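One structure is given below, encoded as structure tokens.
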Amino acid sequence: MAAPGPSNFIRDIVLEDLKANKYGGRVQTRFPPEPNGYLHIGHAKSICLNFGLAAEFGGKTNLRFDDTNPSKEETEYVESIKENVRWLGFDWEDRLFYASDYFDQLHEWAVTLIKAGKAYVDDLTADEIRMHRGTLTEPGKDSPYRKRSVEENLDLFERMRAGEFPDGSRVLRAKIDMASPNLNMRDPVMYRILHAEHHRTGNKWCIYPMYDYAHGESDSIEEVTHSICTLEFEDHRPLYNWFIQQLGIFPSRQIEFDRLNLTYTLLSKRKLLQLVEEGHVSGWDDPRMPTISGIKRRGYTPEAIRNFCGAIGVSKTNGSIELAMLEHFVREDLNKRAQRVMAVLRPLKVVIDNYPENQIEEMDAVNNPEDPSAGTRKVSFSRVLYIEQDDFREDPPKQYYRLSPGREVRLRYGYFVTCTSVVKKDQGEVAEVHCTYDPQTRGGNSPPDGRKVKSTIHWVSAAHAIDAEVRIYDNLFLKEDPNQTEAGQNFTANLNPKSLEILSPAKVEPSLANATVGNRYQFERLGYFCVDPDSAPGKLVFNRTVALKDTWAKIEKKTEKGSPKR
RNA sequence: UGGGCCGUCGACUAAUGGUAGGUCAAGUGCCUUUGGAGCACUUUGUCUAGGUUCGAAUCCUAGCGGCCCAGCCA
């Protein structure tokens, strides 16, 4: 048993069922992805819910691939899904299942239903079936094949299975009610003919069960007690229950919850696939993608994602979580664990004129103020440094506390420096800044006279810094709801052309020389960054996971409205 | 327009007929060798109208609004 999980209505139901001893005190859940794409943060919500709930009550969670459609499913996807679930920190132990494990049983049950007069082979074309289905407001019409004898149905279904008929020529349908107000009950298709190779069963089958026929039974076979799924399957529940009742098999209880929506992001496997296929992103694991692989590469931690999933709750209202909520949980987690380091993204040369030409000092820097056990390290200080271009303004606006002519600031763990002059390029652009330092402020300590400084900025020693490429990410989409488009456009019209900005060369402190892929750091005053797999020996590539909260950016944005900037 | 589901601060979510609370966001102040972090404080909410009740976010009725369903996809 684990600690109590976050309260929600599904947990309440489980609690009630436990109290009523409904399943002999058992809690069995499952996470049932279709292996037709990569998992995304929305799936993480479901994974946390299913695994979390079972763990809390000493139950088990199965990983089951709902692989009933061979034309869309691939082994690459099952591997990525297994890896992602594991990375998130969950373990299905020996309970890895596939709906395809149940194809024989499902087929046998289909025969049972035919024998009971509850299923029939229909020769209508797909178009004809659609026309017979009726509409939302009008009942459907019975297929002319609905009254076939059991013998004929058995014979035809067997010949479907034997491969006698071409794709699409016949289907097996449940015989329920063509006048049902619930369209799912209007004689739904159970089996279709698909002469396609399945990623696991190969060419054994040329008929494949529909999800609606396979899903409930798969849960039943696994004796899943609480079958948790998203809202759109609510209308399907009566159908799943119908099959279970006709067959007299273990009744799992289906409970539906709202799928995750996140502002500025798309959570649809189909659309994510489109982004990959059309090359709008570099792949399923592009750090701008909301896939587990993408946010992992971006530098998110499993803990942050789990905390997020716990915090957003579970309900049946369809809403959209602000992206800021997700970002909060990465910052919260990384703040505690990420080592601090100094890095300059857009370098501006600073010369400290009164600092001895060949002198180098090793300054002590704290690795993580949130975690004293992380210790300290040395950083080299010298006469020529780089600071952030943003940290200098020749003509500082109100409330800008950083370096500007005549102003003194602290170089973190270095010295107090005062800007004395500026060297410009022909175009008037600032090429370098000259300063003087106060030797009495070594380590960045306040001088004996008690002089205070309004700002502390980061720096790297020009002679010691190493080059790196830094990738800055912004939202992939410009609109809160990427699906909101004008007529004739699709969501790709909302793509943010500036979602990726590459900064190179950035200058980072030399302690980063042996950073390895996946390592996460806080670049002081900038944000959290991690080493990208594109890195190679001597060529570091960092992804910005998320920026630090930026009070100055907020002030600047606010004043920008009223008055022109600068 | 048939059926199903859902409406609580800007966002998400609690309150299970009895004080509308939490998180994020926003704002203010304190603190600070990160304009980070932390701490303190503040603003804003029960879709509407009736009804039941000593008492309603909660129960009932009627409206209004949103989402889903007419794949041989899942």
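All heavy atoms count here, side chains included; hydrogens, waters and symmetry mates do not. Keep in mind it's a predicted model, so treat the numbers as computed, not measured. By convention in this document, chain letters (A, B, ...) are assigned in the order of the sequence lines, proteins followed by strands, and residues within each chain are numbered from 1.
Backbone-only engagement by A/S320 is indicated by non-hydrogen atom pairs under 4.0 Å involving sugar-phosphate atoms exclusively. Among the heavy atoms of the strands lying under 4.0 Å from A/V171 is at least one base atom, whether or not backbone atoms are also near. Here A/P33 lies out of heavy-atom contact (under 4.0 Å) with every strand. Looking at heavy-atom distances under 4.0 Å, A/L411 makes no contact with the nucleic acid at all. Residue contacts shown for A/Y191 are absent, as no nucleic acid heavy atom lies under 4.0 Å away. Among the heavy atoms of the strands lying under 4.0 Å from A/L124 is at least one base atom, whether or not backbone atoms are also near. Note on A/Y415: nothing from the nucleic acid sits closer than 4.0 angstrom, heavy atoms only. At the heavy-atom level, A/V453 lies nowhere under 4.0 Å from the strands shown. Using a 4.0 Å heavy-atom criterion, one finds that A/I321 contacts the sugar-phosphate atoms exclusively. Across all strands shown, A/T125 has heavy atoms under 4.0 Å from base atoms, whether or not it also approaches the sugar-phosphate. No contact: A/D212 has no heavy atom under 4.0 Å from any strand. Residue A/G168 is classed as a base contact, given a heavy-atom separation below 4.0 Å to a base. Contacts of A/H236 with the nucleic acid, taken as non-hydrogen atoms under 4.0 Å apart, include base atoms. If you check every strand for non-hydrogen atoms under 4.0 Å, A/D12 touches a base.
Atom CG in A/D391 sits roughly 11 Å away from atom C1' in B/U34 (whole-Å rounding). Protein atom NE2 of A/H328 is 6 Å distant from nucleotide atom P of B/A25, rounded to whole Å. When rounded to the nearest whole Å, the span between OH of A/Y400 and P of B/G35 equals 11 Å. One can place CD of A/Q254 at 13 Å from C1' of B/G4, the figure rounded to the nearest angstrom. Per the geometry, NZ belonging to A/K316 stands 15 Å off P belonging to B/C68, to the nearest Å. Between A/E234 atom CD and B/G3 atom P there is a gap of 16 Å when expressed in whole angstrom units. At whole-Å resolution of the value, CD1 in A/I255 and P in B/C6 are 13 Å apart. In this structure, A/Y264 atom OH and B/A25 atom P are separated by 15 Å, rounded to whole Å.
B/C41 is paired with B/G27 under the criterion used here, namely a Watson-Crick or G-U wobble arrangement in which both key atom distances are under 3.5 Å. The nucleotide B/U52 finds no pairing partner, because no Watson-Crick or G-U wobble arrangement with both distances shorter than 3.5 Å includes it. The partner of B/C64 is B/G7, by the rule that a Watson-Crick or G-U pair needs both atom distances under 3.5 Å. In a base pair of the Watson-Crick type (N1 to N3 plus N6-O4 or O6-N4) or a G-U wobble (N1-O2 and O6-N3), with each distance short of 3.5 Å, B/A74 is matched with no nucleotide. For B/U16, there is no paired base (Watson-Crick or G-U wobble, both distances below 3.5 Å).
Residue A/R237 is the one, among A/E34 and A/R237, whose nearest nucleotide of RNA chain B lies closer to the 5' end (criterion: closest heavy atom).
In this structure, A/R133 reaches the B/C72 phosphate: one of its side-chain N or O atoms is under 4.0 Å from OP1 or OP2. The shortest distance between the side-chain N/O atoms of A/S315 and the OP1/OP2 oxygens of B/C12 is not below 4.0 Å. Checking the phosphate oxygens (OP1, OP2) of B/C73, no side-chain nitrogen or oxygen of A/R270 falls inside 4.0 Å. OP1 and OP2 of B/U34 both lie 4.0 Å or more from every side-chain N or O belonging to A/R410. Checking the phosphate oxygens (OP1, OP2) of B/U13, a side-chain nitrogen or oxygen of A/T317 falls inside 4.0 Å. For B/A74, the OP1/OP2 oxygens have a side-chain nitrogen or oxygen of A/R192 closer than 4.0 Å. Contact annotation: A/T68 side-chain N/O to B/A74 OP1/OP2 distance is under 4.0 Å. For B/A26, the OP1/OP2 oxygens have a side-chain nitrogen or oxygen of A/K554 closer than 4.0 Å.
In this structure B/G71 sits in the syn conformation; its chi angle is within 90° of 0.
Side chain of A/H328 to backbone of A/A324: no donor-acceptor contact under 3.5 angstrom is found. Side-chain atoms of A/S218 come within 3.5 Å of backbone N or O of A/A214 as a donor-acceptor pair. Under a 3.5 Å cut-off, the side chain of A/R410 and the backbone N or O of A/G444 do form a donor-acceptor pair. Side-chain atoms of A/K269 come within 3.5 Å of backbone N or O of A/E34 as a donor-acceptor pair. Between the side chain of A/R340 and the main chain of A/Q522, no donor-acceptor pair closer than 3.5 Å is present.
When the nucleotides B/U34, B/C68, B/C24 are ranked by their closest atom to the side chain of A/E232, B/C68 comes out on top. Distances from the side chain of A/N335 to the nucleotides B/A37, B/G71, B/G2 place B/A37 closest. With B/A37, B/U34, B/G35 as the candidates, the nucleotide lying closest to the side chain of A/K549 is B/A37. When the nucleotides B/G36, B/C72, B/A70 are ranked by their closest atom to the side chain of A/A126, B/C72 comes out on top. Residue A/L548 has its side chain nearest to B/U34 when only B/U34, B/U23, B/C73 are considered. Each of B/A70, B/U23, B/A74 was ranked by its minimum atom distance to the side chain of A/F329; first place goes to B/U23. The A/D550 side chain lies nearest to B/G35 when the options are B/A70, B/G35, B/C72. Comparing B/G35, B/G36, B/G2 by their closest approach to the side chain of A/L136 singles out B/G2.
A donor-acceptor contact under 3.5 Å is formed by the side chain of A/D235 with the base of B/G3. One donor-acceptor pair, N or O on each side, does fall under 3.5 Å between the base of B/G36 and the side chain of A/E370. A donor-acceptor contact under 3.5 Å is formed by the side chain of A/E322 with the base of B/G10. Counting atom types as modelled, A/R130 pairs no side-chain N or O with a base atom of B/G71 as donor and acceptor under 3.5 Å.
Aromatic ring pairs are classed by plane angle as parallel below 30°, tilted from 30° to 60° and perpendicular above 60°; the pair A/F233 and A/Y211 is tilted. Taking the six-membered ring where the residue is Trp, A/W205 and A/H107 present tilted rings, their angle falling between 30° and 60°.
By the 6.0 Å and 45° rule, A/R170 stacks over the aromatic ring of A/F165. For A/R200 and A/Y98, the positive end sits near the middle of the six-membered ring, less than 6.0 Å away and at most 45° from its axis.
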### Task
Begin from the C-alpha positions of A/E408 and A/Y437 and carry the test side chain to side chain donor-acceptor pair (under 3.5 Å) through to its verdict.
CA-CA 9 Å; A/E408 184 173 45; A/Y437 84 115; over 6 Å; no

